[in-house]
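Here the structure comes first, spelled out in structure tokens, and everything after it is commentary.
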2 protein chains.
Amino acid sequence: MAKLQKSIEKRNALIQATISLVNNNGFHATPMSKIAKMANVSPATIYLYFENKQDLLNKVYIEVKQAFTSYVFTNYTPDTPVADGFKLIWNRIADFKLKEMEEALFLAQCDNTPIIDETSRQEGLIHLQPLLDLWKRGQEEGILKPMSPYLLYAYSINPLSFLMVMQNRGAFKLNEETLEEAFQAAWNSISI
Amino acid sequence: MAKLQKSIEKRNALIQATISLVNNNGFHATPMSKIAKMANVSPATIYLYFENKQDLLNKVYIEVKQAFTSYVFTNYTPDTPVADGFKLIWNRIADFKLKEMEEALFLAQCDNTPIIDETSRQEGLIHLQPLLDLWKRGQEEGILKPMSPYLLYAYSINPLSFLMVMQNRGAFKLNEETLEEAFQAAWNSISI
DNA sequence: CAAAAAAGAATGAACATTCATTTTTAGTTG
DNA sequence: CAACTAAAAATGAATGTTCATTCTTTTTTG
């Protein structure tokens, strides 16, 4: 009797191919046949791992988002002082965007278009809770401005996405110096 | 003999339909037949006004971008003091995003995906020159941090796009109070 | 050797674009 | 100013292609 033996390598190859092709062409301009080809797999095989094209995209999105948040909160504990904790998390986010550029670009595209189901989008948000808690703590301690988390995010985290996209287009270079400037700008806009 | 009599109304209807449908479904998930239907026009008629689907998108992008920049720099002259000029331009951008939400969302989607030709994207950037000049002046006067324009943009202008998208998704409300907070955050991150 | 996994070819729907006609337009003529 | 006309504008239907998904067969697995 045979057991489940679907290969995790094939699944991963499919996910990587999806990320890369969606980054370069957009979701709807990416045929399943191309994803299959890039993953060295038959088109029919995709349907052993995913229900359909939309399900493939949703699953890729959620898994990449999980990888992102898990990366971001490594080494962070809720008892870290606010300023240190923020700097730590901010730098991990910047690291992720630099080192896992493909994944980060993919997330940026999903977050800015209607290609992702609303429910999958919601699911991707849950994991940011530790950052929201940190901000709340910072506001209670009078360190951070009493702003909506959306404003805090817009001015301290989101700019990194913009800079990454610009770097990807060859217009800008994120290096040690510009990262330091970016962090200072972020901190100045949200701290009291 | 008849002269050119292609109706500007039809062209505008096509542009509006494209903006609305692309906002809701994305470019590649929007069939020409739907654009035609929404514009009360036959599919074939689209090809009297635009070469093909990609040309339609490029033209819509460029025209909306022009409307945006022309709106943004109304009332600004290059001899306005830096701080006043920045506040003026920043508020016009915020106004545009609030009052012409459809157009602004459309631009945001185009700026964050590979659906637009690189050349059209370039063409859309040209018109920001007055803002770049203002920033240069501000840096020479020691009012603004000596940062790359990309950093200045990331921390003072781009956050508005994020907030608009969030407002569109019902998660956040841009009103007089939050706009004031947003402007303060922007100014704090770029000024010395 | 059975059952799952994988493959390649087949199917059918969706859609961008073109084609063949009809309708509208604005000069022109009586 | 009304009837006429030729060209542009507009149309609905046709065309051919692309592509998601399924079907049938082959391969791999334990």
Side-chain angles (χ1 to χ4, degrees), chain A residues 1-61 106 109-110 113-117 120, chain B residues 1-61 106 109-110 113-117 120:
Chain A
M1 320 264 140
K3 282 203 322 184
L4 277 192
Q5 53 212 185
K6 278 190 258 182
S7 103
I8 193 71
E9 288 90 30
K10 251 167 213 160
R11 209 189 114 102
N12 285 340
L14 283 169
I15 289 182
Q16 283 309 317
T18 303
I19 292 171
S20 164
L21 289 167
V22 169
N23 277 348
N24 288 307
N25 313 316
F27 177 56
H28 292 289
T30 299
M32 295 295 258
S33 54
K34 265 196 199 150
I35 297 176
K37 189 163 288 174
M38 183 175 259
N40 285 316
V41 138
S42 155
T45 302
I46 301 182
Y47 292 84
L48 298 176
Y49 293 84
F50 304 95
E51 287 173 40
N52 51 44
K53 200 183 174 187
Q54 185 65 51
D55 178 58
L56 166 62
L57 185 77
N58 291 341
K59 294 240 167 79
V60 173
Y61 174 75
F106 177 81
Q109 188 172 164
C110 290
T113 59
I115 58 181
I116 284 285
D117 287 353
S120 301
Chain B
M1 320 265 142
K3 280 203 322 183
L4 277 192
Q5 50 211 186
K6 278 191 257 183
S7 102
I8 193 70
E9 288 90 31
K10 252 169 212 161
R11 209 188 115 102
N12 285 340
L14 283 168
I15 288 182
Q16 283 309 317
T18 303
I19 291 171
S20 165
L21 290 167
V22 169
N23 277 348
N24 288 306
N25 313 315
F27 177 57
H28 292 291
T30 299
M32 295 295 259
S33 55
K34 264 196 199 149
I35 298 176
K37 190 163 286 173
M38 183 175 261
N40 284 314
V41 138
S42 156
T45 304
I46 301 182
Y47 293 85
L48 298 176
Y49 292 84
F50 304 94
E51 286 173 41
N52 51 45
K53 200 183 175 189
Q54 185 65 51
D55 178 57
L56 166 63
L57 185 77
N58 291 340
K59 293 240 168 77
V60 174
Y61 174 75
F106 177 81
Q109 187 172 166
C110 289
T113 58
I115 57 181
I116 283 285
D117 287 352
S120 301

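Proteins come first, then strands; the chains are lettered A, B, ... in the order of their sequence lines, and each starts at number 1.
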Calculate the interatomic distance between [X] atom [atom1] and [N] atom [atom2]; express it in whole Å.
{"X": "A/L57", "N": "D/dA20", "atom1": "CG", "atom2": "C1'", "answer": "15 Å"}
{"X": "A/H28", "N": "C/dC15", "atom1": "NE2", "atom2": "P", "answer": "11 Å"}
{"X": "A/K53", "N": "C/dA13", "atom1": "NZ", "atom2": "P", "answer": "19 Å"}
{"X": "A/L21", "N": "D/dC19", "atom1": "CG", "atom2": "P", "answer": "12 Å"}
{"X": "A/Y47", "N": "C/dA5", "atom1": "OH", "atom2": "C1'", "answer": "17 Å"}
{"X": "B/I46", "N": "D/dG12", "atom1": "CD1", "atom2": "P", "answer": "13 Å"}
{"X": "A/N52", "N": "D/dA20", "atom1": "CG", "atom2": "P", "answer": "11 Å"}
{"X": "B/F50", "N": "D/dA10", "atom1": "CZ", "atom2": "C1'", "answer": "15 Å"}

Side-chain heavy atoms of B/V41 within contact of B/I35, under 4.5 Å: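 Side-chain contact under 4.5 Å: no.
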Starting at CD of A/Q16, measure out to CG of A/L21 and round the result to the nearest 0.5 Å.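 The CG atom of A/L21 is 11.0 Å from CD of A/Q16, to the nearest 0.5 Å.
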Donor on one side chain, acceptor on other, A/N58 and A/Q54, under 3.5 Å: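 Their side chains do contain a donor-acceptor pair, which is all the 3.5 Å distance test asks for.
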Please indicate whether A/K59 has more than 12 foreign heavy atoms, meaning atoms of other residues, nucleotides or ligands, lying under 6.0 Å from its NZ.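 More than 12 heavy atoms, drawn from other residues, nucleotides or ligands, come within 6.0 Å of this atom.
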Can you tell me which nucleotide in D/dA20, C/dA6, D/dA10 comes closest to the side chain of A/T45?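 Nucleotide nearest to A/T45's side chain: C/dA6.
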D/dC19, D/dT21, C/dA5: which one has an atom nearest the side-chain heavy atoms of A/L48?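 Nearest to the side-chain atoms of A/L48, counting from C-beta on, is C/dA5.
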Can you confirm if the NZ or CZ of A/K53 lies within 45° of the ring axis of A/F27 and under 6.0 Å from the centre of its six-membered ring?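 Yes, A/K53 sits over the ring of A/F27.
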Among residues 32-43 of chain A, which residues get a heavy atom nearer than 4.0 Å to DNA chain C?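 Nucleic-acid contacts, sorted: A/V41, A/S42.
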Assuming nearest nucleotide by heavy-atom distance, tell me which of A/A29 and A/A44 is located more 5' along DNA chain D.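 Per heavy-atom nearest nucleotide, the more 5' residue is A/A29.
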Does C/dA6 have OP1 or OP2 under 4.0 Å away from a side-chain N or O of A/K10?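 Result: yes.
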Phosphate oxygens OP1/OP2 of C/dA5: is one of them under 4.0 Å from a side-chain N or O of A/Y49?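 Indeed not, no polar side-chain atom of A/Y49 lies that close.
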Is there a side chain to side chain contact (heavy atoms under 4.5 Å, CB included) between A/I15 and A/I19? Walk through the geometry before answering. CA-CA 6 Å; A/I15 289 182; A/I19 292 171; 4.0 Å; yes
For side chain to side chain contact (heavy atoms under 4.5 Å, CB included), just list the numbers for A/F106 and A/L57, CA-CA rounded to whole Å, side-chain angles, deciding distance to a tenth of an Å, and then say yes or no. CA-CA 10 Å; A/F106 177 81; A/L57 185 77; 3.9 Å; yes
